[in-house]
Amino acid sequence: QVQLVESGGGLVQAGGSLRLSCAASGRTFSTYALGWFRQAPGKEREFVGYISWSGGSTYYADSVKGRFTISRDNAKNTVYLQMNSLKPEDTAVYYCAKGRGLITGAKDRDYDYWGQGTQVTVSS
């Protein structure tokens with residue numbers, strides 16, 4: 001079992017920044033990749049990006065590439081999502097998820113545990 005708890009969401013103006021955190025407990029943190037997803041009202045959940053078990057590899061959706069950065073601190077069992085140059089269309093509930101292996105993918109099926117989500121609202 002793995003528990004994931006996101007934090008750091010809130011209200012920010014367009015062009016601003018936020019950093020989300022996701023704290024994990026349970027299985028050894030450094031043995032799996034982690035991903036971030038988001039879901040806006042009335043829309044399907046959308047892949048944001050992922051980071052490999054060591055942090056040496058990351059991958060991002062085109063919609064956030066160059067603005068968002070995922071990092072992890074295996075000593076703190078925490079993964080981060082740094083979001084810069086935020087846009088109103090980034091407004092969503094953001095979820096972190098545990099990948100099924102050392103590396104992962106962009107589909108929901110590539111993940112087996114999910115956090116409860118944290119709300120990010122970007123005002124124009």
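Quick caveat: nothing in here was measured; it's all calculated off a predicted structure. Basis for what follows: all heavy atoms, side chains included, without hydrogens, waters or symmetry-related copies. In what follows, residues are counted from 1 in the order of the sequence shown.
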Could you tell me which residues satisfy side chain to side chain contact (heavy atoms under 4.5 Å, CB included) with T58, sequence neighbours excluded, listed by chain and number?
I51, Y60

For T31, give me all partners under side chain to side chain contact (heavy atoms under 4.5 Å, CB included), at least two apart in sequence or on another chain.
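Only R27, T28 meet the side chain to side chain contact (heavy atoms under 4.5 Å, CB included) criterion with T31.
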
Please go through V5's hydrophobic cluster and name the other residues, only I, L, V, M, F, W, Y counting, with side-chain heavy atoms under 4.5 Å joining them.
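Hydrophobic cluster check, V5: no partners found.
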
Identify, with sequence neighbours excluded, every residue that meets side-chain hydrogen bond (donor to acceptor under 3.5 Å, both in side chains) alongside [X].
X	result
K43	none
D73	none
S25	Q3
T121	Q119

Table please: side-chain donor-acceptor pairs of residues 99-108 below 3.5 Å, with sequence neighbours left out.
residue: R100; atom: NE; partner: R109; partner atom: O; Å: 2.6
residue: R100; atom: NH2; partner: Y111; partner atom: O; Å: 3.4
residue: T104; atom: OG1; partner: D110; partner atom: O; Å: 3.2
residue: D108; atom: OD2; partner: R45; partner atom: NE; Å: 3.4
residue: D108; atom: OD2; partner: R45; partner atom: NH2; Å: 2.9

Pairs involving residues 48-64, ordered by first then second residue, that meet salt bridge (charged side-chain N to carboxylate O under 4.0 Å, His left out) (sequence neighbours left out)
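For residues 48-64, and leaving out neighbouring residues, the salt bridge (charged side-chain N to carboxylate O under 4.0 Å, His left out) pairs sorted by first residue read D62-K65.
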
Taking only residues at least two apart or on different chains, which pairs with a member in residues 28-40 satisfy salt bridge (charged side-chain N to carboxylate O under 4.0 Å, His left out)?
R38-E46, R38-D90

Classify the ring geometry of Y50 against F47: parallel below 30°, tilted from 30° to 60°, perpendicular beyond 60°.
tilted

Contacts table for residues 82-89: side-chain donor-acceptor under 3.5 angstrom, sequence neighbours left out:
residue: Q82; atom: NE2; partner: N84; partner atom: OD1; Å: 2.9
residue: N84; atom: OD1; partner: S17; partner atom: OG; Å: 2.9

With a 4.5 Å cut-off on side-chain heavy atoms, are E6 and Y94 touching?
no

Going by the disulfide (SG to SG under 2.5 Å) test, which pairs reach into residues 32-111, not counting sequence neighbours?
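Applying disulfide (SG to SG under 2.5 Å) to every pair that reaches into residues 32-111, excluding sequence neighbours, yields C22-C96.
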
Testing the basics here: between Y113 and V2, what is the closest heavy-atom pair and its distance to 0.1 Å?
CD2-O, 3.4 Å

